Amino acid sequence: MFEVEPVEKKRSGGRPAAVDKTFRAFDPHQVLLLPPSLNDWLPEGHLARFVADLVDEVLDLSPVLADYTDKRGYPPYDPRLMLRLLIYGCTIGVRSSRAIERKCTDDVAFRFLAADQAPDFRSISRFRRRHLDALATLFTQSLHLATKLGMVKMGRVALDGTKLQANASKHKAMSYGRLVDKEERIEADTAALEAKAQALLADAQATDEAEDQMFGTDGKDTDLPAELDRREKRLAKLQAARAQIEAEAAAKARRRAQDKERRRQERGGTSDEQAVTDAGDKAAAKAHPKPKAQANFTDPDSRIMKNSDGAYIQAYNAQAVVDEKHQVTTAADVTTNPSDALNYTTMLDQSAANTGRHPKQALVDAGYCSEANLNAARDRQLVCDTDTFMATGRLAHDEQVPPAPRGRIPANATLKERMARKLRTRPGKAAYSRRKAIVEPVFGQIMTCQSGRRLLLRSEDGARGEWRLLAACHNLREIFRHAGTAGLATVVG
DNA sequence: TGACGACGCCACTTTATTCT
DNA sequence: AGAATAAAGTGGCGTCGTCA
């Protein structure tokens with residue numbers, strides 16, 4: 001498009017040329033004779049073209065469009081435009097609404113996608129919030145697309161979790177004990193303040209009236225009500241945080257009591273749901289939060305968790321199931337519980353629901369190893385024909401891998417011993433050794449290329465939506481890499 | 001401390017609908 | 001028919017929170 005033509009050597013302007021050198025033609029003030037077509041600005045096979053085709057031709061946008069029912073009102077931006085921007089941005093690591101807005105003037109690819117429009121960052125942000133659920137369905141859509149292109153085999157999958165830093169600082173977290181303390185202090189102070197305000201009011205009313213008449217009404221004693229107002233707001237926040245911790249403690253106690261009652265009934269061979277509910281209610285009413293239980297003021301749903309480096313961060317626990325063949329994610333979810341162990345069954349079920357198939361093998365690390373999960377793994381083998389390889393413990397740095405077992409499995413071996421044994425056999429080792437190679441690249445890509453280390457949206461729903469969008473965009477990246485725009489054509493055609 | 005991002009409130013614009 | 005109103009999205013502005 002741009003011809004390289006040597007320019008006549010010229011000593012122009014006041015700047016002396018250091019060397020006698022011919023440069024390529026460059027005229028910043030050149031006026032284009034025709035308005036440029038945005039289409040020409042982007043090379044064939046660019047990721048942005050892929051995203052544009054995807055949004056325009058392939059994706060089902062009805063979940064988004066369904067939200068626009070009223071014909072009235074200021075016309076919103078075309079959802080296709082917004083989706084193009086959000087998807088492309090999320091794929092290359094430009095995720096914040098303001099960053100996207102800037103790119104719409106800065107970046108050729110974004111200008112191409114937005115047809116040279118630049119929505120305000122609030123519009124982008126609000127669109128994202130509003131259609132968070134719909135955006136999350138992009139995840140299943142991306143998965144179905146990958147499946148159509150033969151990229152999902154469900155032979156071997158790996159399940160793993162990573163901690164996503166919430167949009168909240170752990171310094172804004174407060175323990176239950178301090179919360180109660182603070183609340184009491186503020187209440188006491190407020191009572192004192194109110195008394196003072198009353199006294200002042202009564203005392204000064206006469207003089208005030210006189211002064212007002214003399215100087216007009218802009219007294220200085222507005223400070224006191226303002227102070228009271230601030231305290232009121234703080235108190236409300238504290239109480240909300242406290243209520244949250246208490247509700248959680250109650251819910252936990254309820255679950256425990258119900259489980260206990262069920263087990264008791266199982267042993268006795270009876271079944272009485274009412275008794276289970278009652279036991280739960282009773283326990284919930286009696287529940288008392290631990291003084292150390294934490295709540296965060298900025299994002300109450302997030303929790304302090306330990307990340308893989310051992311550092312404590314305010315976070316969500318993000319889970320993903322990844323198919324070995326092309327590193328396509330088949331399930332993605334977020335929980336507020338730092339433990340991975342609770343997600344073994346739910347995640348594999350999600351994966352099965354999303355793909356319609358059960359994997360031949362599932363690889364999980366020691367974080368998932370629990371009595372319940374070992375049992376669940378055994379059942380899965382029977383019901384879904386999924387062979388689970390679950391690490392039963394981590395090796396210390398200098399620890400040697402125990403030798404492969406030989407001979408018959410002892411009849412009295414526990415499930416855990418059997419699992420440990422299975423992982424030490426040659427096929428067990430071979431399968432499990434693939435685990436890291438399957439999930440790590442996915443998490444790595446999402447963290448670095450898509451800047452997914454830190455979440456932008458608050459609340460559990462926000463975190464889940466973001467994680468699913470990240471996972472969806474990861475899948476789209478893989479599709480782009482594997483099939484390119486041509487691949488889309490085969491799906492549409 | 002300043003830059004940056006999310007979000008809430010309010011004013012404004014646009015459009016369809018309802019009222020007079 | 002024309003005015004008033006309701007509804008919805010956008011932008012301006014301020015606030016809060018995070019991070020380097």
Side-chain angles (χ1 to χ4, degrees), chain A residues 61 63-86 89-90 92-107 110 114-136 163-174 179 182 226-227 229-241 244 294-305 307 309 311-316 334 447-448 450-467 469-470:
Chain A
L61 307 184
V64 174
L65 297 172
D67 205 35
Y68 298 91
T69 47
D70 205 315
K71 282 184 171 177
R72 284 176 297 186
Y74 193 94
Y77 282 105
D78 192 319
R80 285 174 305 167
L81 186 161
M82 297 300 239
L83 280 171
R84 283 167 161 211
L85 293 180
L86 285 172
C90 184
I92 63 162
V94 177
R95 306 203 304 122
S96 81
S97 52
R98 288 176 198 243
I100 293 174
E101 184 195 357
R102 277 196 306 272
K103 286 281 185 185
C104 284
T105 58
D106 272 339
D107 190 300
F110 278 90
D116 228 8
Q117 294 191 63
D120 186 84
F121 70 89
R122 272 171 231 75
S123 312
I124 297 168
S125 159
R126 283 164 189 164
F127 181 89
R128 184 176 45 193
R129 263 280 172 210
R130 175 174 176 179
H131 301 295
L132 207 57
D133 291 342
L135 286 172
K163 303 295 192 287
L164 293 180
Q165 184 153 15
N167 189 341
S169 153
K170 69 176 173 191
H171 302 296
K172 282 280 168 185
M174 198 183 268
L179 216 54
K182 269 237 148 71
E227 173 67 14
D229 189 47
R230 266 205 303 281
R231 277 161 189 279
E232 197 123 311
K233 279 192 182 129
R234 278 195 64 193
L235 194 62
K237 275 200 157 183
L238 287 173
Q239 280 165 344
Q244 190 207 340
Q294 299 252 359
N296 190 287
F297 291 115
T298 308
D299 182 351
D301 292 350
S302 64
R303 295 284 178 280
I304 291 179
M305 301 181 189
N307 72 4
D309 302 337
Y312 286 95
I313 55 171
Q314 194 72 37
Y316 286 94
V334 156
M447 299 296 177
T448 56
Q450 296 176 239
S451 0
R453 200 178 301 280
R454 191 181 175 76
L455 295 169
L456 301 170
L457 303 180
R458 293 169 197 166
S459 86
E460 186 178 347
D461 287 343
R464 180 170 297 115
E466 254 192 288
W467 178 239
L469 181 60
L470 280 164

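A note on names: the letters A, B, ... follow the listed sequences, proteins ahead of strands, and every chain is numbered from 1. Since we're looking at a predicted model, the values are computed, not measured.
Across G452(A) and L164(A), no two heavy atoms sit closer than the pair O-CD2, 3.4 Å. G93(A) and S451(A) make their closest contact through O-OG, 2.7 Å (heavy atoms, listed as atom of the first residue, atom of the second, distance). Contact detail for R128(A) and L456(A): the closest heavy-atom pair is NH1-CD1, 4.1 Å.
When the P atom of dT18(C) is taken as reference, atom CG of D299(A) falls 10 Å away, rounded to whole Å. In this structure, CZ of F121(A) is placed 8 Å from C1' of dA6(B), rounded to the nearest angstrom. Atom CG in L457(A) sits about 15 Å away from atom P in dT18(C), given to the nearest Å. Protein atom CG of L456(A) is 13 Å distant from nucleotide atom C1' of dC19(C), rounded to whole Å. In this structure, I100(A) places its CD1 atom 13 Å from C1' of dA6(B), rounding to the nearest Å. Rounded to whole Å, the distance from CD1 on I313(A) to P on dT18(C) is 14 Å. As rounded to whole Å, 16 Å separates atom P of dG9(C) from atom CG of L81(A). Across the protein-nucleic acid pair, R122(A) atom CZ and dA11(B) atom C1' stand 13 Å apart, rounded to whole Å.
You'll find the side chain of L132(A) reaches within 4.5 Å of the side chain of L457(A), heavy atoms only. Contact check for Y77(A) versus I124(A): no side-chain heavy atoms found under the 4.5 Å cut-off. Proximity of E101(A) to P119(A): side-chain heavy atoms (C-beta onward) are nowhere separated by under 4.5 Å. Using a 4.5 Å heavy-atom threshold, the side chains of C104(A) and L85(A) count as touching.
Listed by residue number, the members of residues 125-136 of chain A with any heavy atom below 4.0 angstrom from DNA chain C are R126(A), R130(A).
For R95(A) and dG5(B), the shortest distance from a side-chain N or O to OP1 or OP2 is not below 4.0 Å. Taking 4.0 angstrom as the limit, Y77(A) places a side-chain polar atom (N or O) nearer than this to OP1 or OP2 of dG11(C).
Between dC7(B), dT10(C), dT18(C), one nucleotide has an atom nearer to the side chain of S123(A) than all others, and that is dT10(C). Side-chain proximity of D120(A) to the nucleotides dG11(C), dT18(C), dG5(B) is greatest for dG11(C).
Atom OG of S125(A) sits about 9.5 Å away from atom CG of L86(A), to the nearest 0.5 Å.
Where A166(A) and P76(A) each meet DNA chain C at their nearest nucleotide, the meeting point lying more 5' is that of P76(A). Residues Q165(A) and A118(A) both approach DNA chain C. Their nearest nucleotides, taken by heavy-atom distance, put A118(A) toward the 5′ side.
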Atom pairs, N/O to N/O, protein against nucleotides 12-15 of chain B, distance under 3.5 Å?
| residue | atom | partner | partner atom | Å |
| --- | --- | --- | --- | --- |
| dT14(B) | O2 | Y74(A) | N | 3.4 |

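The side chain to side chain donor-acceptor pair (under 3.5 Å) search around D78(A) returns R80(A), not counting sequence neighbours.
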